[in-house]
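See below for the structure under consideration.
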Amino acid sequence: MTPIDREDINKALETLKNGGLILYPTDTIWGIGCDATNPEAVDRIIQLKGRSKEKSMIVLLHNENQLAGYVNDIPEVAYQLIEYTEHPLTIVYSNAKNLAANAIAEDGSIGIRIVNHPFCTQLLQRFRKPIISTSANISGEPSAKTFGDIDQKIKDGVDYTVQFGQKDRGAGKASTIMKLDPSGKFEFIRK
């Protein structure tokens, strides 16, 4: 894997701070991202993807200690799931807070993944806010597993494209998604 270029992080960070959209590699597949607390930026992603406004987004955090800032009623089992999972796991929590309203599902839930990826972790640590992570594809089309698979419309629709990871040929795979209610009951949405 190529080393992370400081300038690449700085440009992505500046884009996020200015309400822009980034195209970036994650611990799963390439994603379109923005400040998860900025409703105008979230709306731009919805428009770019041609996505239904009823679908909620996934947000990335770099540390489980940040969860309480964005979710009320975190079941204790969530921390165990995060600690022991061996693959990227997105957990859908009830009662989201402090996020753009259009990033949250109509039932008040939000999907959050604690990311383990060198570029994302550094970016999130420096940005100090959650970042939207939605697959870099037009809604209904297959997810892009590599940078080369991303539709030109998506590439043209973002404000900054991260250089890190563009040449990687790793077979990207979407995360497992689990819905977890405040009582600790859970169901798999995607395995």
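For clarity, every value in this text was computed on a predicted model and none was experimentally measured.
Under 3.5 Å, the side chains of E141 and N137 contain no donor-acceptor pair of N or O atoms.
In this structure, N98 contributes its side chain and Y70 its backbone to no donor-acceptor pair below 3.5 Å. Under a 3.5 Å cut-off, the side chain of T121 and the backbone N or O of H117 do form a donor-acceptor pair. Under the 3.5 Å distance criterion, the side-chain polar atoms of D35 are left unmatched by any main-chain donor or acceptor of G19.
Taking the six-membered ring for Trp and thresholds of 30 and 60 degrees, F164 and F119 have nearly parallel ring planes, at less than 30 degrees apart.
Within 6.0 Å of NZ in K155 there are more than 12 heavy atoms belonging to other residues, nucleotides or ligands.
Interatomic distance, CD1 of I132 versus CD1 of I32, reported as 11.0 Å (0.5 Å rounding). The CG atom of L124 sits 8.5 Å away from atom CG of L16, with the distance rounded to the nearest 0.5 Å.
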Walk me through whether I138 and K49 qualify under side chain to side chain contact (heavy atoms under 4.5 Å, CB included). CA-CA 4 Å; I138 304 296; K49 285 182 59 90; 5.9 Å; no
- [ ] Could you please spell out the steps behind the salt bridge (Lys or Arg N to Asp or Glu O under 4.0 Å) verdict for R44 and D159?
- [x] CA-CA 11 Å; R44 282 189 59 207; D159 302 299; 2.8 Å; yes
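Paired with Y160 under the rule side chain to side chain donor-acceptor pair (under 3.5 Å), one option of N18, T15, D8 passes, and it is D8.
Note that K179 lies outside the cation-pi zone of Y93, set by a 6.0 Å cut-off to the ring centre and a 45° limit from the axis.
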